There are 4 protein chains.
Amino acid sequence: MTTASTPKGERRKHALVEAAAALLIEGGFDAVRHRSVAERAGLPLASTTYYFESLDDLIVEALEFHGRQELARGRELLTELATSPRGLEALVELVLDQLLGPKARDNDAQAILLRYERLIATARRPYLRPLTLELGGELRALLMDTFAKFAAGIDEARLEQLIALVDGAVVNALIEVNPDPRAAARGMLREALA
Amino acid sequence: MTTASTPKGERRKHALVEAAAALLIEGGFDAVRHRSVAERAGLPLASTTYYFESLDDLIVEALEFHGRQELARGRELLTELATSPRGLEALVELVLDQLLGPKARDNDAQAILLRYERLIATARRPYLRPLTLELGGELRALLMDTFAKFAAGIDEARLEQLIALVDGAVVNALIEVNPDPRAAARGMLREALA
Amino acid sequence: MTTASTPKGERRKHALVEAAAALLIEGGFDAVRHRSVAERAGLPLASTTYYFESLDDLIVEALEFHGRQELARGRELLTELATSPRGLEALVELVLDQLLGPKARDNDAQAILLRYERLIATARRPYLRPLTLELGGELRALLMDTFAKFAAGIDEARLEQLIALVDGAVVNALIEVNPDPRAAARGMLREALA
Amino acid sequence: MTTASTPKGERRKHALVEAAAALLIEGGFDAVRHRSVAERAGLPLASTTYYFESLDDLIVEALEFHGRQELARGRELLTELATSPRGLEALVELVLDQLLGPKARDNDAQAILLRYERLIATARRPYLRPLTLELGGELRALLMDTFAKFAAGIDEARLEQLIALVDGAVVNALIEVNPDPRAAARGMLREALA
DNA sequence: GATGAATGAGACTTCATTCAT
DNA sequence: GATGAATGAAGTCTCATTCAT
C-alpha cells in the first residue's frame, strides 16, 4: 500500500488531487467520488484507492491543495503591492482577495462557497480539523502582515472581528439567487475600517 | 398522491419530521436517509415515501420544523422579558438565544451547527432557498423587535452587521475541538454593542 | 367485495375503464397502474381495487371497452355505406377502418398499436384469451358481412389471408420512426384484392 | 466505466446475456429483472449493472444475441441445402425456419413469440429500433438469397408480401390455447407460393 | 358502499472498497 | 507498481394490495 512516490506517481497523484479540487468547487463534497475523480483526471478508477487510503484522504488533500493555492495567491498579492499602498479601498480589496480568493474568475461564488463548506464540514468530520486549523492560522498570519504593511497594524482581537464580519456577511449572502458574497463582505469591511 | 391528513396520519408524519430533525442535528444532512428516519420514528420504511414526495421534501420539512421551533422560543423569550429590561448583558444573551437557539441543552454546538449547515447547503440546493429566506426574514423581524424593546432600536444595516459578526464568529468557532460558538459570538456582540 | 352496481357506481366504474383505455393507448400495458388510472379518472386510488378484483381485471375491461368501441364504429361505417358501394378503393378503406380503427385521429399509430399489443400480450396472459378470441370472432363476422355487401363475398380462408396480410404489414410498419401502418396495410390489401 | 473485457469478463457478461435471453423467451420483457438475470446466471446482483449500463442495455444485447443466433442458423440451413433443392415444400419449410427459427425445440411457440414481442415493443421503446431495423434488414437479405437459390427469385415487394403473410398468420395464431403458429404460417405460405 | 391509510416486496442503481493479477 | 474486475451494502423510490373505518 506504499503511497507512491515515483516522479510519475507524484504526477498522477497530483492529477487526482486537482481533479478532486475542481469537483469540490463545482459540486461540493458530495460530488467527490472515486469514479468522478478518476474520470476527471483521466486515470483508472483504482488509482484513487491506490494513491489514497480512502476517499476522505483524497478530499483532505484536495482541500489542502485548494487552500494553499489561495493562500499563496494572497501572499503574492501582498508582495506585488507597490511599496506605498493606496489607502482604504486597496486594503479592503486585498483583504477580500485573501479571505475569499482573488476575484474575477468564472466560478467566483462557488470557489468562495468551498471555503465555508470546509469550515462547516470540519465540525462533523474531525479529520478535517488539523487542516482547517492550520490554514486558518496561516491566513491570519497573512492578514496580520497585510494590515502591518498598511500603516497601522491591528491586534488579534480586531482581526478576529474583521474576519467574523466578512465570514458572516458571506454566509448570509450565499443564499441569494445570484449571490455576490464579495460585495456583501466589501460593504461590511469598508465600514468597519472607515 | 393523498399525502395523508388524519389526526393519526398527522401524528405519524410529524414523528417522521421530528426524527429527521433529530438526525439532522446529530449527523447533518448525510445522516438523513429513508431508513434512518423510519427506524428512528419507529415506523416502516415505506412510510417515509408515503408521507413525503421525496427525501429532500422531508429534509425541508424537518429544517422548517427545527427553524420555526427556535424562532418561537426566541419570541417567547422576548415576551417573557420583564417590562424593564436589564441592560446590555441581558440584551446580548437574548440576541444569542434568538440567533443560536436558547442555550443550555445537551447538543448545544450541534444544534447551532445545523443553522449554518442549512445556510451553506442552500447555496448548492436551490429547493432550500425559499425556506432559508423566509426563516431569515422572520429572524430579522424578531431581532428588530428585540432591539426596539431595548431602548434604542437599530436600523437594518446595523442589524446585518451584528448578524454577520455573530455568524462569522460562530463559523470560525465551530472548528475547535470543544467548540463554544456561543462564547465566541458573545464576545463579538458584547464589544460591538458596548 | 360486491362489485358495485349503483347507477353512480356504474358511472364511476366506467370512468375508470375509460381512463385505463386511454392510458393503454398512450403508454401500453406498463402505463396502467392503480395510481395512474385513478388520477386520470379523478377518482380515489382505492376505487380501482374497489371496482375491480385486480389490475389485470381492469385491463381486461379497458381492452374490451376499446375493442368493442372500434367494432361498433366499424359496423356503423358498414351500415352508413350507400346502397351501391363504390368499388375497390372504398372496400379497401372500409376494411382498414374495421381492422385498424377509423382513420384520422391524432393518436393514429398508437391506437393501432394497441390492437397488436393485445394480440401479443394474450400469448403470455391467458386471462386475455377469452376476450381476444371473442373480439377476433366478431371482427371476422363483421368483415364477412362487409365483403358480402361488396358483390362477391369471400370464404373464411381467404378472409384469414387478408387479415394476415394486413396484420403482418402493420406489425412490420410499426417499427419505423414515423410509422404509417395504415399505408403499409393499404398497399398490401389493394394488391391482394385487385 | 470500464465495461470489462477479460476473457473471463467476457464469459461472465455473456452468461448474463444468455440468462436474459432465456428469460425473455420464457417470460417476455417483464421477466427480465436485475435479480432474475443475475440469479439465473449464478452471478451476484451487482454484476448486472457492472457489465451493462442499464437493464435496457442488457435487454438489447439479449435480443441481439437471440436474433443473430436465429439468423445464423437460418443461413446455415440455406448453406447446408443440397445443391438441387427439393421443390415447394422444402422452400416453405426453409422460409419458415428463417422467419420463425428452426422448428422442433421445446419452447417453440415461446421463441417465436419473442420475435413479435420485439417488433411490437419497438414501437414504444425507441432504443430498440436500431436493432430491430438491422435484424430485419439481415433477415430480408437472407430470404432474398433463399428465394434466389430456389429457381425464380423474387422482388422486394413480393418478399414483403410473403413476410406480412407469415407474420400476420403467426400473430393471429399465437392467441390460441395450444398455438401452432408455424402451421398457420405454413398454410398461408404454401398457398401463396403455389 | 367507499376510501384514506398503510406497507411489504421488490424495482433500479450507486458506490467504496477489496483483490487477483 | 498499477489496475481491471468484482461485489456487498445501501441508497431512493414504485406499487399492488390489504384493511380499518
Side-chain angles (χ1 to χ4, degrees), chain A residues 1-6 8-9 12 30 32-38 43-58, chain B residues 1-13 30 32-38 43-58, chain C residues 1-6 8-9 12-13 30 32-38 43-58, chain D residues 1-10 12-13 30 32-38 43-58:
Chain A
M1 223 30 70
T2 35
T3 329
S5 62
T6 344
K8 182 183 160 206
R12 300 175 62 127
D30 289 352
V32 183
R33 303 291 180 195
H34 284 111
R35 252 177 198 57
S36 59
V37 174
L43 291 174
L45 171 59
S47 64
T48 52
T49 48
Y50 179 68
Y51 289 104
F52 302 89
E53 291 274 314
S54 71
L55 199 55
D56 288 341
D57 224 52
L58 172 48
Chain B
M1 229 15 72
T2 42
T3 327
S5 62
T6 329
K8 187 181 159 204
E10 285 298 328
R11 234 179 301 129
R12 296 170 64 108
K13 184 174 180 179
D30 289 351
V32 183
R33 301 295 177 191
H34 284 106
R35 258 182 204 24
S36 60
V37 174
L43 292 174
L45 174 57
S47 65
T48 53
T49 51
Y50 176 66
Y51 287 104
F52 302 90
E53 295 268 312
S54 71
L55 198 56
D56 287 343
D57 225 52
L58 173 49
Chain C
M1 221 30 71
T2 36
T3 330
S5 63
T6 343
K8 183 183 161 205
R12 299 175 64 127
K13 186 173 177 180
D30 289 351
V32 183
R33 303 292 179 193
H34 283 109
R35 253 178 199 57
S36 59
V37 174
L43 291 174
L45 171 58
S47 65
T48 52
T49 48
Y50 178 67
Y51 288 104
F52 302 89
E53 292 274 313
S54 71
L55 199 56
D56 288 342
D57 223 53
L58 172 48
Chain D
M1 232 10 75
T2 43
T3 327
S5 64
T6 330
K8 186 182 161 203
E10 284 297 329
R12 295 170 64 108
K13 184 173 179 178
D30 289 351
V32 183
R33 302 294 177 190
H34 284 106
R35 259 184 204 20
S36 60
V37 174
L43 291 173
L45 173 57
S47 65
T48 52
T49 51
Y50 176 66
Y51 287 105
F52 302 89
E53 295 268 312
S54 71
L55 196 58
D56 288 343
D57 225 53
L58 172 49

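We name chains A, B, ... by the order of the sequence lines, and we start the count at 1 in each one. Worth knowing before you read on, the calculation uses all heavy atoms, side chains too, and leaves out hydrogens, waters and symmetry mates. Fair warning: this is a prediction, and the values are worked out from it, not measured in the lab.
Comparing B:S54 and C:S54 by the nucleotide of DNA chain F that holds the closest heavy atom to each, the one mapping nearer the 5' end is B:S54. Projected onto DNA chain E by closest heavy-atom contact, B:T49 and D:L45 fall at different nucleotides, the more 5' of which corresponds to B:T49.
Distances shown here put a side-chain N or O of B:R12 below 4.0 Å from the OP1 or OP2 atom of E:dT7. Proximity of B:H34 to the phosphate of F:dT12: a side-chain N or O atom is located under 4.0 Å from OP1 or OP2. Considering only side-chain N and O atoms, C:R33 lies nowhere under 4.0 angstrom from the phosphate OP1 or OP2 of F:dT14. Checking the phosphate oxygens (OP1, OP2) of E:dT7, no side-chain nitrogen or oxygen of B:Y50 falls inside 4.0 Å.
The distance between atom CG of B:D30 and atom C1' of E:dA16, rounded to the nearest whole Å, is 14 Å. Nucleotide E:dA11 holds its P atom 15 Å from the CG atom of D:D56, rounded to whole Å. Following rounding to the nearest Å, A:F52 (CZ) and E:dT18 (P) show an atom-to-atom distance of 16 Å. Taking atom CG of D:L43 as the reference point, atom P of F:dG8 lies 11 Å away to the nearest angstrom. One can place CG of C:D57 at 10 Å from P of F:dT17, the figure rounded to the nearest angstrom.
Taking the side chain of A:A46 as heavy atoms from C-beta on, and the options F:dG11, F:dG8, F:dT3, the nearest nucleotide is F:dT3. Of the candidate nucleotides E:dT7, E:dT13, E:dC12, E:dC12 has the atom lying nearest to any side-chain atom of D:L55. Of the candidates E:dT3, E:dT17, E:dA16, E:dT3 carries the atom nearest the C:S47 side chain, counting heavy atoms from C-beta on.
Within 4.0 Å of B:R35, counting heavy atoms only, lies at least one base atom of the nucleic acid. No engagement by D:T48 is indicated, since no non-hydrogen atom pair under 4.0 Å with the nucleic acid exists.
Applying the Watson-Crick and G-U wobble criteria (two distances, each under 3.5 Å), F:dT12 pairs with E:dA11. When both distances must be under 3.5 Å, the Watson-Crick or G-U wobble mate of F:dG4 is E:dC19.
The closest side-chain heavy-atom distance from C:L43 to C:V37 is not below 4.5 Å.
In this structure, B:K13 satisfies the cation-pi test against B:F52, with its NZ or CZ atom closer than 6.0 Å to the six-membered ring centre and inside 45 degrees of the ring normal.
For the residue pair B:S47 and B:P44, the shortest heavy atom distance occurs at OG-O, 2.6 Å. In plain terms, the two heavy atoms of A:T49 and A:H34 that are nearest each other are CG2-NE2, 3.4 Å.
A:S54 contributes a side-chain N or O that, together with a main-chain N or O of A:D57, makes up a donor-acceptor pair within less than 3.5 Å.
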